[in-house]
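Below is one structure, written out as structure tokens; comments come after it.
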Amino acid sequence: MSEEKSDSKIVRGPADWRGSVQVTRSFLPELDDYVARLREVWETGQLTNHGPLVTRLEEQLRDYLDVEHLYAICNGTVALQIAIEALEFRGDVITTPFSYVATTSSLVWQHCRPVFADIDRETMAIDPAAIEAAITPETTGILATHVYGFPCDIDAIGAVAEKHGLKVIYDAAHCFGARFRGRGMMRYGDAAISSFHATKVFHCGEGGAVTVSDPELAERVAYMRNFGHKGREDFYGIGINGKLSELHAAMGLAVFEHVGEIIAARRIVVEDYWRRLDGVDGVRILQPGPEVDWNYAYLPVILPDESAVETVRDRLAEENIYPRRYFFPPLHRLPGLEPGPSLPVAEEMAGRVMCLPVFPGIEESVVEKVAAEVARVVAC
Ligand SMILES: *Cc1c(COP(=O)(O)O)cnc(C)c1O
């Protein structure tokens, strides 16, 4: 592992991350590469409003992600809000309790009511049978997350949606570069969103995208992200400011050049953890299914109970290493939501799951320490 890593040009973050190891570390391109793109911005004088850098980034991403229509957005949360608005989700929307908070908060911000369906214990994704059981005449849509970049049960969700005449948005924020049955993961569903936040596999510092295949829906997304403008003096309808700036696109273009390397470097780290934790009693490693070409975005493990998770967290904190409880708390327990029924699988699994630190250039000694600590705690 160390040999392959030292061959890689990838170790490019700040050398001293305040002495601590977080669950991830942002990839930084060579400063000169970034400056070369910024120089283009200085040459055009155009800082935003869909300039040449955003246009180029969109073209590159559309090809790479294997989608029909892709719109760069200022972040993944606004991308979710635009997708929700473009598909006219109103009232009740069925969603997953096991995701990042933005999956739920974007619904609430759009004045939709999140109706939570429990997750599948094996995949941690929303359970299609629970979706169907939650459907009422008030239901207007389904918002599901491909957690950790593993696809939801796309066939079953598609069948439920079709049977009840509902549209599906996939939160594909974890899926950058991942494929399912040979197709880009963002091709599935009526719309999908991505996040290009600094902590993601690919990033613009801040950024995101909406992808759709239907051309009419594509038009709605396009005007909605730009205030609803139709030229200078006319409007299609009401929109929002969801634009990505040229300055963020400059970062995106510089990072995009390295996406292959980034995923390859993550894979080395993830496989190293797998080897070290393989066969350790009491540790379940979540892995992608057979039809998935994965992006090695996360290293999720399920421990025997919540106290094991807390013990690992506290012991590693003493070493200045900070895995994250992705995702805890389960989202139906967020403060500010009306209390709903309990969701036993999501509640149990959110208590038992932990994501271990993975990023290009992580020291092998850290991986060794983390894996050893996990093994030690579950052996007790
Ligand atoms: C990161 C993330 C988001 C939010 O994206 P931002 O770009 O940070 O707004 C939404 N959903 C999931 C599942 C995420 O991981």
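Whatever order the structure lists ligands and atoms in, that order sets their numbers, starting from 1. Just so you know, residue 1 is the first one in the sequence shown, and it goes up from there.
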Mind telling me whether H332 and F116 have parallel, tilted or perpendicular rings, with 30° and 60° as the class edges? tilted
Please list all pairs meeting ring pair (Phe, Tyr, Trp, His ring centres under 6.0 Å) that have one or both residues in residues 48-101, counting only residues at least two apart or in different chains. Y64-F176, Y64-F256, F98-F327
Protein N/O near ligand 1 N/O, under 3.5 Å, which pairs?
residue	atom	partner	partner atom	Å
ligand 1	5 (O)	S195	OG	3.2
ligand 1	7 (O)	G76	N	2.7
ligand 1	7 (O)	S195	OG	2.7
ligand 1	9 (O)	G76	N	3.3
ligand 1	9 (O)	T77	N	2.9
ligand 1	9 (O)	T77	OG1	2.6
ligand 1	11 (N)	D171	OD1	3.4
ligand 1	11 (N)	D171	OD2	2.7
ligand 1	15 (O)	H174	NE2	2.8
ligand 1	15 (O)	K200	NZ	2.9

Hey, does I84 have a side-chain heavy atom less than 4.5 Å from the side chain of L107? yes
Hey, is E132 close enough to K163 for a salt bridge, meaning N to O under 4.0 Å? yes
Would you please name every residue forming a salt bridge (Lys or Arg N to Asp or Glu O under 4.0 Å) with R183, sequence neighbours left out? none
Could you pull out all residues at least two apart from E306 that satisfy salt bridge (Lys or Arg N to Asp or Glu O under 4.0 Å)? R325
